[in-house]
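Order of the sequence lines sets the chain letters (A, B, ...), proteins ahead of strands, with each chain counted from 1.
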Amino acid sequence: MSRYSAAEIEAKWQQAWDKAGIFTAKRSADKPKYYVLEMFPYPSGRIHMGHVRNYTMGDVIARYKLATGHNVLHPMGWDAFGMPAENAAMASGGHPKDWTYGNIADMRGQMKPLGLSIDWSREFATCDPEYYGQQQALFLDMLEAGLVYRKNAVVNWDPVDMTVLANEQVIDGKGWRSGAVVERRELTQWFFKISDMAEELLDALDGLENWPAKVRLMQENWIGKSRGLQFAFTRTDGTDPIEVYTTRPDTLMGASFVGISPDHPIAKALEADNPQVAEFVAECRKGGTTEEAIETGEKLGFDTGIRVKHPLDPSWELPVWIANFILMDYGTGAIFGCPAHDQRDFDFATKYGLPIKPTFEPVEGGAGLKEAFTPTKAEKVRYIAGFAGKEVQTGEEAVNAAVDKAEAEGWGRGVTKFRLRDWGLSRQRYWGCPIPVVHCADCGVVPEKKENLPVLLPYDEGGKPIDFSIPGNPLDRHPTWRDCTCPTCGKPARRETDTMDTFVDSSWYYARFTAPHADTPTVAEEAEYWMNVDQYIGGIEHAILHLLYSRFFARAMQITGHLPKKAIEPFDALFTQGMVTHEIYQTRDANDRPVYHLPEEVESGKLKATGEAVEIIPSAKMSKSKKNVVDPVSIISQFGADTARWFVLSDSPPERDVEWTAAGAEAAFKHLSRVYRLAAEIDVEAPATDDDSALLREMHKCIHDVTGGVESFGFNAAIAKLYAFTNTLAKSKAGGAAKRQAALVLAQLMAPMTPHLSEEIWTLLKGEGLIATAAWPTPDAAMLIDDTITLPIQVNGKRRAEISVPKDMDKAEVEKAALAVEAVQKALDGAAPKKVIVVPGRIVNVVA
RNA sequence: GCGGGCGUGAUGGAAUGGUAGACAUAUCGGACUUAAAAUCCGAAGGGCUUUGUCCCGUGUGGGUUCGAGUCCCACCGCCCGUACCA
């Protein structure tokens, strides 16, 4: 073959790898194991460039680890339950199961040409009964272990469609289909007791050294451990006191009202017999359940008429307001408002004419409050109404003093609370894992027997296809599926019709990959060998929920005997990669509304079809609605998988977004063609020359740099080195043996990124066996060090000259040499230097 | 609103607190060619009455340091998450 033909060589080498079975994960005592996992995809039906980037990164690691002598586990599966399948069935008929498995087949077909080193024998989908049946077994074990319980929780209720909506189905507080204003309504739901592990999940973050600091910080803030004061306001009418929790008890003398959640028992009691309260509370319940909607919505309040006494001054009465921004889920569902030191309270007080009384002010300069004064607890402030002392102290000190005083006087106690709430897992939907419990009139809620698992999803209803166009949960209205017998007493009973949150499915799949087809959730021997995941790779959007839930599940699975103790933190190292973005091309229709165009419809700023100029909007995440998508399948057919792989790794650091450009893809292809040509044109018989050692020296530097780049996720930097080394090789006048060696090493260093091309070059230059299993090259340390180095010389931090010195010249000599330079003398202008800083091997700075 | 992150040439980006702009794209010039494509070679942050190892320059404004793209503070813009999208 004379030219680089990706289509030909890629199919050939994929078959060769398959035949050799080199990607099938095997346990053996003679090698260390390495488990690399990318977050598994949702089977939408099409792979996109984000997938290509994610799986290519994992593949680079997997192939590198294979070449460095590891037993590698690199599996793939499908996060296959979830709403889109039901939405598709709703929109265009069909069955979620058929849609999902069809999509999986399509995506697998699109993914395989990428040449990923995946052990496909371990593939599964979370909607396989084999998988979700084991998930039901896990659920029952967790129920038995006391990690699951039922309580009420609020959901988005669409009063027209009479159905529960997901947050994304609530748009501006209205149902996406009905357009009706959504209400917050309570339902009895199943919960995982993740809050029991709040402290442990927080403390263990410290041990996750190979996780991005930002992810650990986000989880820490999410768990939200706080130390505060809990105490009760006594009511002037002598009835039940109101318990409040505050993290800023030092502001108690600035209290101007007590606020309670619309879901607080007092509010509920008032609602029952006061129409005005009922009307207000109903108003509060309008709109979605998200924290964002609640926090950014208009602050509403209602004076209940109830009055309470200030704990430090019984003659001081405070009004009790129902306020829509107070969450029943956090603290006690009641607060005291201190408008001077909380912006939300400030806005509320301003709106309703409540007093604003500062308890402290800046150390320098006085008050005059146009907005709340909210310094951090670590800052020192001057207390003017600090009941614990009129002095300058930090918020922290004042808070501690307040708690101490409250405890000493017996009216309050220091309390630690967490923001983290228990994980509600019930979903009123069809396409999910059925919750394996039974409701019996006599026995109550009874777990299904393990031998009856899996509780299978019904495909039909009464011999007819399920009608997904009707809003609501088909399981709930199914004519027969709900009917069952009570596992305890054997009488007729009803199945639970809620299914599990899809986060449950993705919270233990990493463990299942170690024994994907076992008839228990895991197999001890396999889990012991393969866990933990050595490198986990996925999007930053999963920084909190998915990763926290997975950490919880690893603990729960340990408690229930499904994972070894060492797997308590399932992911040893985490890498969060950026998105693939693309420019957006738009024109306007007759009504000036934007019309989007696919990249392939546009050429040099104009529509190919009509020649109309397009507006170019800067790069954004690829999305179907904006049409700024590039289909990996068409890129692969145009340039080959190696080009796609090379490009997504090359231009940007992996943790940042990468912009896909047609020019960049073309350039990547040209470069790979060039590497192939360079290798093909080497005359291996050409005699050795004086340039051999220089080429080999560069080769060893390249081995060193690329190895370092691959190990530290510096793929783009590694590729830059590979470009540079390719240029060196192209220009080198070295002999055939040296060039052959350099090209073989180049192919090896590129192999994790462009495995097919590398195999081809390897074969061309008569390398032994498959490059995929050839031992990774190691650099010769002696070849990495240059004898002389160039030192820049700064005067007052500005670069003025440079000198060339032997690499181990001592400091005093370097200083002497630097001062002797004419440019330095000129800059000094005759004056003696005040100080000379010599950083060996780095820089010289002369301070004038 | 709250929590987290990011911001460097025309463009993507490089740079353990130590020569800002590696490597690449687009552009321009040259070689080869009847011509084009492909390929190869080269130029290139901005500025200038001073072409100088000159001045300015890493979102904006301050600070720490012999030295700041990098560390600290404030602000602006964008992105992610915000518990039922996955």
Side-chain angles (χ1 to χ4, degrees), chain A residues 39 41-42 44 79 81-84 87 153 155-156 164-170 189 194 212-215 217-222 224 288-297 299 325 329 343-344 347 419-429 501-503 506 539-546 548-549 576 578-579 581 618-621 650-653 655-659 661 663-664 666-668 670-671 673-674 677 714 716-717 719-724 727 730 790-802 823 834-837 839 841-848:
Chain A
M39 290 180 187
Y42 180 80
S44 61
D79 189 13
F81 275 135
M83 284 204 314
N87 292 342
V155 295
N156 302 303
V164 177
L165 299 179
N167 285 334
E168 74 158 9
Q169 296 173 320
V170 178
Q189 314 251 297
I194 189 172
K214 64 182 170 187
V215 174
L217 185 56
M218 277 189 262
Q219 292 215 351
E220 182 184 330
N221 290 335
W222 184 262
T289 56
T290 66
E291 187 189 301
E292 185 188 7
I294 291 164
E295 289 282 339
T296 57
K299 308 287 175 288
F325 57 87
D329 288 323
Q343 191 57 42
R344 216 166 41 179
D347 296 341
R419 205 186 77 100
L420 180 67
R421 309 200 293 259
D422 278 334
W423 171 11
L425 68 118
S426 303
R427 297 292 180 271
Q428 295 70 46
R429 275 183 257 290
D501 178 9
T502 56
F503 272 125
S506 55
I540 186 69
E541 66 271 22
H542 295 294
I544 296 173
L545 293 180
H546 163 61
L548 191 62
Y549 291 158
T576 55
M579 298 178 297
T581 65
S619 266
K621 179 179 184 168
S650 65
D651 255 17
S652 287
E655 68 276 14
R656 275 209 248 169
D657 294 350
V658 65
E659 184 183 0
T661 62
E666 189 135 342
K670 279 186 193 173
H671 177 73
S673 306
R674 181 174 181 233
R677 206 170 48 240
N716 59 321
I719 284 182
K721 300 288 181 195
L722 289 167
Y723 267 110
N727 290 338
T790 303
L791 278 187
I793 301 167
Q794 297 181 331
V795 178
N796 291 333
K798 278 185 203 282
R799 184 175 166 278
R800 293 295 176 190
E802 60 183 37
K834 280 191 193 137
K835 196 170 164 188
V836 180
I837 292 147
V839 184
R842 275 283 173 197
I843 205 166
V844 180
N845 191 13
V846 179
V847 185

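For A/Thr502, the side-chain contact (heavy atoms from CB on, under 4.5 Å) partners at least two apart in sequence or on another chain are A/Phe81, A/Asp505. Take A/Asn845 and apply the side-chain contact (heavy atoms from CB on, under 4.5 Å) test, not counting sequence neighbours, and it matches A/Gln794, A/Ile837. Residues satisfying the ring-ring contact (aromatic ring centres under 6.0 Å, His included) test with A/Tyr549, not counting sequence neighbours, are A/Trp423, A/Phe503. When the side-chain contact (heavy atoms from CB on, under 4.5 Å) test is applied to A/Lys214, the partners found at least two apart in sequence or on another chain are A/Pro212, A/Met218, A/Ile540, A/Thr576.
B/rG1 is paired with B/rU82 under the criterion used here, namely a Watson-Crick or G-U wobble arrangement in which both key atom distances are under 3.5 Å. Across the strands present, B/rA15 finds no partner; the criterion is a Watson-Crick or G-U wobble pair with both atom distances under 3.5 angstrom. Judged by Watson-Crick or G-U wobble contacts below 3.5 Å, the nucleotide B/rU49 has no partner.
Side-chain contact, A/Asn716 with A/Arg656: no donor N or O sits under 3.5 Å from an acceptor N or O.
Among the protein residues, A/Gly82 comes within range of the sugar-phosphate backbone only, with heavy atoms under 4.0 Å from sugar or phosphate atoms but none that close to a base. At a threshold of 4.0 angstrom between heavy atoms, the contacts of A/Leu420 include nucleobase atoms, whether or not backbone atoms are also involved. Looking at heavy-atom distances under 4.0 Å, A/Ala717 makes no contact with the nucleic acid at all. Across all strands, A/Ala663 comes closer than 4.0 Å only to sugar-phosphate atoms, never to a base (heavy-atom distances). In this structure, A/His671 reaches neither bases nor backbone, as no heavy-atom distance under 4.0 Å exists between it and the strands shown.
Considering only side-chain N and O atoms, A/Thr502 lies under 4.0 angstrom from the phosphate OP1 or OP2 of B/rA86. For the pair A/Arg427 and B/rC85, the criterion of a side-chain N or O lying under 4.0 Å from OP1 or OP2 is not met. In terms of phosphate contacts, A/Lys798 brings a side-chain nitrogen or oxygen within less than 4.0 Å of OP1 or OP2 of B/rC56.
Residues A/Arg799 and A/Glu168 each lie close to RNA chain B; by heavy-atom proximity, the contact nearer the 5' end of the strand is made by A/Arg799.
Candidate nucleotides B/rG81, B/rA38, B/rC85 were compared by shortest atom distance to the side chain of A/Glu541, and B/rG81 ranks first. Side-chain proximity of A/Lys670 to B/rC80, B/rU39, B/rC23: nearest is B/rU39.
Panel note: side chain A/Glu295, backbone A/Glu292; no donor-acceptor pair is recorded below 3.5 Å. At distances below 3.5 Å, at least one donor-acceptor pair connects side-chain atoms of A/Asn156 with backbone N or O atoms of A/Leu165.
We find that A/Glu291 and A/Arg419 are joined by a salt bridge, their nearest charged nitrogen and carboxylate oxygen being less than 4.0 Å apart.
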Could you encode protein contacts along nucleotides 1-13 of chain B as a string, one character per nucleotide from 5' to 3', using B for base contact, S for sugar-phosphate-only contact and - for no contact, with a heavy-atom cut-off of under 4.0 Å?
B-SSS-S----BS
Between protein and nucleic acid, restricted to nucleotides 61-68 of chain B and to nitrogen or oxygen atoms under 3.5 Å apart, what atom pairs and distances do you find?
residue, atom, partner, partner atom, Å
B/rC66, O2', A/Asn845, ND2, 3.3
B/rC66, O2, A/Asn845, ND2, 2.5

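Here the side chains of A/Val847 and A/Val836 are not in contact, with every heavy-atom distance at 4.5 Å or above.
One N or O donor and one acceptor, one from the side chain of A/Arg842 and one from the base of B/rU16, sit under 3.5 Å apart.
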